[in-house]
A.B. asks: 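Have a look at this one before I ask anything.
Whatever order the structure lists them in is the order used to number ligands and atoms, beginning at 1. The figures that follow rest on heavy atoms only: side chains count, while hydrogens, waters and symmetry mates do not.
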Amino acid sequence: MLIVSEEACQAVVGRSDAFQAVENVFAAMASGDAYNFPVIREAIGHADALYGFKSGFDRAGLVLGLKSGGYWPGNMDKGLTNHQSTVFLFDPDTGQLHALVGGNYLTAVRTAAASSVSIAHLARKDAKVLGMIGAGHQAGFQLRAAAEQRDFERVVAWNYHADMLPGLAAVADDIGLPFEAVEREQLGAEADVIISITSAHDSLMMKDWVKPGTHLACMGTDTKGKQEMDPALVAAATVFTDEIAQSTTIGEAQHAVSKNLIGAGDITPIGNVINGSHPGRSSDAEITLFDGTGVGLQDLAVASVAARLADEGGKAQQIQL
Ligand code: NAD
């Protein structure tokens, strides 16, 4: 059995590896070759933590396993990230544990890969301004991955906690993009692509603030009750997602669905666009929205790449169970 540390994951899995793995698994989900098992998520009544499992099987990629972990809000004070996770990969032929893989870095790269897959397939080719809503742990990963998908000329950003924005500005500076902190109305008026990655529980972006042709990657809402977008904006957009069942219940679309503004039939798996069975964006004026809810198969896909590359590069530890 392999043990692949956080450090090894960071050393071997790059953004392009994560992009490829996530794009492939979204396509496999849409063609029925890969499926996610029901998610378990519990407030454990200790340390204010949310803990759970996400699991699935990709028959095409032969990846079986689970990600276990959750959210510990007090971790930041201990010098740890609030999200903690570990991936377990099993041999689909025997059920034996194949690898134990650190999941923290991989969660960030696979989430950034999901929004960048959506940008690659749905944003206008001439997108020039990237709008960032959020400046927490995930936001820098999102910015770096998105910046590789279009010839962006600048970044406009807003965050609820303004004191976190300099950290994101430093990432923009590192990749050579001018950065401006703006109000949300201005962000909507200027951005061609908007990524939202916050833990908000209310609309941060209103329908009338977003211009025609915008692509929105809504990545923060992954739980019932969370919300980043005006439901009227979701209803006005053409909605794509990683998994429809999650989009309507725990994703950004949950609010538009519960208000009967849209139904599950209005939402398209992004894998259909990747597979070519849906054309994706239909005009330069269309607003497209990717509801990235986060599925276990994304984690398993990148963890499988990490295990393979770490093993090949001598960076994984071998132990006998
Ligand atoms: P973080 O704790 O580092 O940052 C939280 C972000 O949310 C910050 O930008 C903060 O200013 C903002 N925020 C907090 N309270 C807010 C409020 N009331 N209104 C508006 N903004 C508020 O968290 P992170 O690791 O960067 O994760 C951000 C979000 O992304 C979380 O909700 C997390 O659950 C979600 N997430 C989603 C996926 C996915 O696959 N879709 C994966 C990982 C994380």
Side-chain angles (χ1 to χ4, degrees), residues 18 21-22 25-26 29 36 39 41 43 48-52 54 56 67 69-85 87 103-118 131-145 157-169 171 181 183-184 187 194-206 216-230 240-243 246-247 249-254 270 289-302:
V22 168
V25 84
F26 283 166
M29 282 164 60
N36 293 286
V39 174
R41 202 163 158 89
D48 221 5
L50 280 176
Y51 170 74
K54 285 185 168 182
K67 174 167 97 164
Y71 190 74
W72 275 258
N75 272 7
M76 209 174 265
D77 299 337
K78 300 173 183 158
L80 302 169
T81 53
N82 292 348
H83 285 96
Q84 289 292 327
S85 62
V87 180
N104 294 349
Y105 165 75
L106 293 181
T107 298
V109 283
R110 69 76 147 143
T111 306
S115 69
S116 64
V117 164
S118 86
M132 293 294 306
I133 299 178
H137 179 69
Q138 309 289 331
F141 290 91
Q142 292 282 330
L143 174 50
R144 284 183 196 277
W158 176 87
N159 193 46
Y160 183 71
H161 301 102
D163 59 329
M164 294 169 85
L165 282 167
L168 193 61
V171 174
E183 290 306 323
R184 286 171 287 166
L187 189 149
I194 298 174
I195 297 175
S196 59
I197 183 80
T198 74
S199 41
H201 283 71
D202 218 338
S203 304
L204 299 177
M205 208 66 202
M206 305 310 290
L216 298 131
C218 305
M219 306 305 297
T221 301
D222 56 359
T223 306
K224 193 169 168 48
K226 280 192 188 170
Q227 182 176 7
E228 297 183 306
M229 299 293 152
D230 177 7
F240 300 85
T241 189
D242 40 24
E243 187 170 274
Q246 288 202 167
S247 173
T249 53
I250 60 168
E252 193 56 51
Q254 64 180 288
I270 191 152
L289 185 151
F290 174 64
D291 187 358
T293 65
V295 292
L297 281 170
Q298 278 170 263
D299 299 294
L300 304 187
V302 289

A.B. asks: Answer whether the closest heavy-atom distance between the side chains of Cys218 and Leu289 falls below 4.5 Å.
C.D. replies: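 Result yes, sub-4.5 Å side-chain heavy-atom pair found.
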A.B. asks: Within the 3.5 Å criterion, strictly below it, is a donor on Glu243 or Thr293 matched to an acceptor on the partner's side chain?
C.D. replies: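 Glu243 vs Thr293: no donor-acceptor pair found between side chains.
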A.B. asks: Roughly how far, to the nearest 0.5 Å, is the CD1 atom of Ile195 from the OG atom of Ser116?
C.D. replies: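 Here the rounded value is 8.0 Å.
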A.B. asks: Report yes if the side chains of Leu50 and Arg41 come closer than 4.5 Å at any heavy-atom pair, otherwise no.
C.D. replies: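 Contact flag for Leu50/Arg41 side chains = yes.
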A.B. asks: Starting at CE of Met219, measure out to CD of Gln142 and round the result to the nearest 0.5 Å.
C.D. replies: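 Met219 atom CE to Gln142 atom CD measures 5.0 Å (nearest 0.5 Å).
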A.B. asks: With a 4.0 Å heavy-atom cut-off, what residues sit around ligand 1?
C.D. replies: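 If the criterion is a heavy atom under 4.0 Å, then ligand 1 touches Tyr71, His83, Arg110, Thr111, Gly134, Ala135, Gly136, His137, Gln138, Asn159, Tyr160, His161, Met164, Ile197, Thr198, Ser199, Ala200, Leu204, Met219, Gly220, Asp222, Lys226, Gly292, Thr293, Gly294.
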A.B. asks: Under the side chain to side chain donor-acceptor pair (under 3.5 Å) rule, what do Thr107 and Lys67 come out as? Steps first, then yes or no, please.
C.D. replies: CA-CA 10 Å; Thr107 298; Lys67 174 167 97 164; 2.8 Å; yes
